[in-house]
2 protein chains.
Amino acid sequence: MEILYLSIFFWASFFLPAHSQNVSTPNIIIMLMDDMGWGDLGVFGQPSKETPYLDLMASQGMLFPNFYTANPLCSPSRAALLTGRLNGMFSYTPQEIVGGISKDELLLPQMLKKRGYVSKIVGKWHLGHREQFLPLQHGFDQWFGAPNCHFGPYNDSNRPNIPLYNNSQMIGRYYEDFKINQKTGESNLTQIYLQEGLDFIFHQTLARQPFFLYWAPDATHAPVYASKRFLGKSQRGRYGDAVMELDYSVGQILAWLGTLGIDKNTFVFFTSDNGAALTSGPLQSGSNGPFLCGKETTFEGGMREPAIAWWPGRIPAGMVSSQVGTVMDLFTTSLALAGLVAPDDRVIDGLDLSPALFNNSLTDRAVFYYRGNQMMAVRVGIYKAHYWTWSNSWEEFNQGINFCPGQEVAGVTTHTQQEHTMQPLIFHLGRDPGEKYPISVLSKEYQDVLGRISAVVEQHVKTLVPGQPQLNMCDLAVMNWSPPGCEKLGKCLKPPPSQPYKCDWPH
Amino acid sequence: MEILYLSIFFWASFFLPAHSQNVSTPNIIIMLMDDMGWGDLGVFGQPSKETPYLDLMASQGMLFPNFYTANPLCSPSRAALLTGRLNGMFSYTPQEIVGGISKDELLLPQMLKKRGYVSKIVGKWHLGHREQFLPLQHGFDQWFGAPNCHFGPYNDSNRPNIPLYNNSQMIGRYYEDFKINQKTGESNLTQIYLQEGLDFIFHQTLARQPFFLYWAPDATHAPVYASKRFLGKSQRGRYGDAVMELDYSVGQILAWLGTLGIDKNTFVFFTSDNGAALTSGPLQSGSNGPFLCGKETTFEGGMREPAIAWWPGRIPAGMVSSQVGTVMDLFTTSLALAGLVAPDDRVIDGLDLSPALFNNSLTDRAVFYYRGNQMMAVRVGIYKAHYWTWSNSWEEFNQGINFCPGQEVAGVTTHTQQEHTMQPLIFHLGRDPGEKYPISVLSKEYQDVLGRISAVVEQHVKTLVPGQPQLNMCDLAVMNWSPPGCEKLGKCLKPPPSQPYKCDWPH
């Protein structure tokens, strides 16, 4: 592989102009990690410092310590990123799910097409795996990856293994054709996803067409995996090994942009879909740094994400922005960079981050923390108010499922869905990023802040158009039995009779 | 002040040779913060990123994420740093304390004198405030600072305010002559300590004598303070403001070394005396990042310290060392840099870090976590075994004193002094830096690790020479009533009759 790319490098350096693309349509790369925590990056305080390339990316770009996902779960967070909206994706998408991303939603690649962009998703989709929900039905021109999580292995009789797609055709299944060694954690999937990304960038550069690459590897989602070269290399075990491989891959992609001479015309943003999944235990989950709890919760550990913007020559190097951002801003910002305006026929929750990126200026904005369709909390300025608190149920907790291991804050990490709407719990996220010290309701500070936050919430509720729940129904018949292309591989499985039922969402 | 230094700059640039000192006796600067936590530095994951100068220092030097103090309390930690030994300083030194650093201990400045070093301490001493215990009696040539914490204000009738010394003479008292505004937190003390450091460096450079500067400001110890220019500037409130001012001061000192042309001949090490004092609450204490609990405890949050080594041209830039280090290593390393050997008539617990600093190589070493004279825990490799656990007593805890706010780990953060010597709690600090998941005693990993750790502990206990407790006795008559020099200022106070009693150490 290295020899191949060396020769391409020489070739490219002769034939490609240094800046082969139009600056009015910069390339866009969104790197979205899976269950990676804020605290997994060296630059965000991971003690074992596994991310030299990401730390370098930060030193060459802009770090966003106040960046959020839209939901502490993968599917709704990914839907929000691609649509710029809090929408009807209220839960996650297991194989039994009947629904998926609505055809009424406008996705980033659909929008970018108007300006001639070619879009590819590499890695996990997670917005519905039935045919009408797949990436190529929603604006992507290319896809290499899987529709669901890489759980397994299954025996293919009562549950099929997850298929991998190349564009609209299945090319194999996890554990069968794309190995993940359960015992050792070895898998070369990240290397494959890296290669797919590099190839796409290369071909688009040759074709001189602006591109959008949505690079969404899933090595840090349990069961975590890494390729042989990285296994055993970190101080954290398998999880840290996966981080090292992803970090290396990010470094390779950024270096490739330089090699191809398109780095000054490519906007790259690195982030994650939700907080580290602490309940998976120390070998299978990451770190949320100083923040409370993890994935599934609306505490900071569930929704604060690592975030780095990179665009040499356009975004000043080594900056730390205090701008509060969300994954939905990547939709709006990408449109702005491509010279497009956001659709005006719907509420768009994303903010154009250009002022922060290019002028280091700050825009006031609120962050809403949703769990399902319930607004649990809101951040305004440096303050966060919890209207509802919940970690998980006593029933789950007593079975050993713990979203906040070692972090109990009395009255905050509650095991019932506790309402505080009459008197929200308010925290100062500057001096108390860990949400450990609720501000006294008797203080003037509390009263002042509550007034400001209430106004924001009132406005939000007033303008809210409730999304149609897309993920209510489940059916074993809709699992990945016979994905398109299965017949060529002899991998079609027979589905059971359809028996739709209302999905059971425990959290 | 800036004009003065500008003129000195021009003057210096004409008259000082670029490298005016002997490389065989490099200057040594140890910057020791007070109660600053690992997580307070941007480079260690502080979300509000208040430390651009320290982050720059790290990028120009070597970061030590696995660096420890010798004790989670100020006095014993500082005694260990200056002597290279775990010694008889078992608790802290309030004004009532009769004892202090033993005359039998050999301190770093005493050793360095053999090679012609001139030594100054700027800031807090905290190794006993009676005359025989003060810095100039223990090898320092100069001192500007205070013997105790800046608690107060007191009314001088039943308790005197803490004096500040210039060398061997008191020059005033906190709150009276050196203001700390209780309400606003304003004080210019860090600026004074900065100036004292810069002046000393300048004069030593002119005199062409190698120097040891022990720069120990205390702005991050409650009650935290900052000067007007920094107040209100951070996202964290007063504590963060203090961090910003200290960060700025570190930047000024490093820049000054460059200006004077001695940066390539000066070894600088930045660290802190113990973990953030979480019990002081969010406005008055810092962050221990992902680590458990804080000051006073032997969990990682009490003893893991921020640490950066800097020496342009000698220590490679931008490195992260996995070497496990302790403040006692600063004694041994400084001696090695000055071409001295450590005293051979006593046990020295410090390690020479030169191999890590100059060759990025790793040396195996254990870390012992003491509380008083009780070995609570030990780290060997990436594993840590707790032989005893204790946060604080139920009695204190029920009064609202909490060393682990928001961090309860069942069976770990115990409120009784719980013995585990027969079956220590073992944690993997790589995948579990927060000490949340004790390794199952039934696992092979546990048995393997316990065998290795037991051997280390056995050896430690066998070679241990128990220190003489120095801090058992208290007496109101020994408080800072009439420090030397008080008569010139008319600030001598009348002590009460001597009534020695056994000190009460609640923790």
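Lettering follows sequence order; numbering is per chain, from 1. These values consider heavy atoms only, across backbone and side chains, with no hydrogens, waters or symmetry-generated copies.
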Open item on the list: Do P47(B) and F291(A) have side chains that approach each other closer than 4.5 Å (heavy atoms only, starting at C-beta)?
Closed with: yes
Task: Residue part contacting chain A, namely of P433(B), when any heavy atom lies under 4.5 Å - done: side chain
- [ ] Identify which part of Y239(B) has an atom lying under 4.5 Å from any heavy atom of chain A, answering side chain, backbone, both or neither.
- [x] neither
Task: K49(A) side chain near L63(B) side chain, heavy-atom distance below 4.5 Å - done: yes
Task: Proximal component of R238(A), with respect to chain B [non-hydrogen, under 4.5 Å] - done: neither
Open item on the list: The test is side chain to side chain contact (heavy atoms under 4.5 Å, CB included); show your working for H428(A) and R236(B) and say whether it passes.
Closed with: CA-CA 8 Å; H428(A) 185 292; R236(B) 284 201 284 176; over 6 Å; no
- [ ] Might you point out which heavy atoms bring S322(A) and Q235(B) nearest each other, and give the distance in Å?
- [x] OG-NE2, 3.2 Å
Open item on the list: For Y53(B), I'd like to know if atom OH has over 12 heavy atoms of other residues, nucleotides or ligands within 6.0 Å.
Closed with: no
Task: Atom group of V43(A) that falls short of 4.5 Å from chain B, counting heavy atoms - done: both
Open item on the list: Let's test your reading of the structure: which of P282(A), P290(A), S48(A), A410(A) forms the most heavy-atom pairs below 4.5 Å with chain B?
Closed with: P282(A)
- [ ] Please check if atom CG in D364(B) has more than 12 non-hydrogen atoms from other residues, nucleotides or ligands closer than 6.0 Å.
- [x] no
Task: Rounded distance (nearest 0.5 Å) linking atom CG of L56(A) with atom OG of S59(B) - done: 11.5 Å
- [ ] Would you mind telling me which of L283(A), L41(A), V412(A), N66(A) has the largest number of heavy-atom pairs within less than 4.5 Å of chain B?
- [x] L283(A)
Open item on the list: Looking at every heavy atom in both W38(A) and G45(B), which two are closest together, and how far apart are they?
Closed with: CH2-O, 3.2 Å
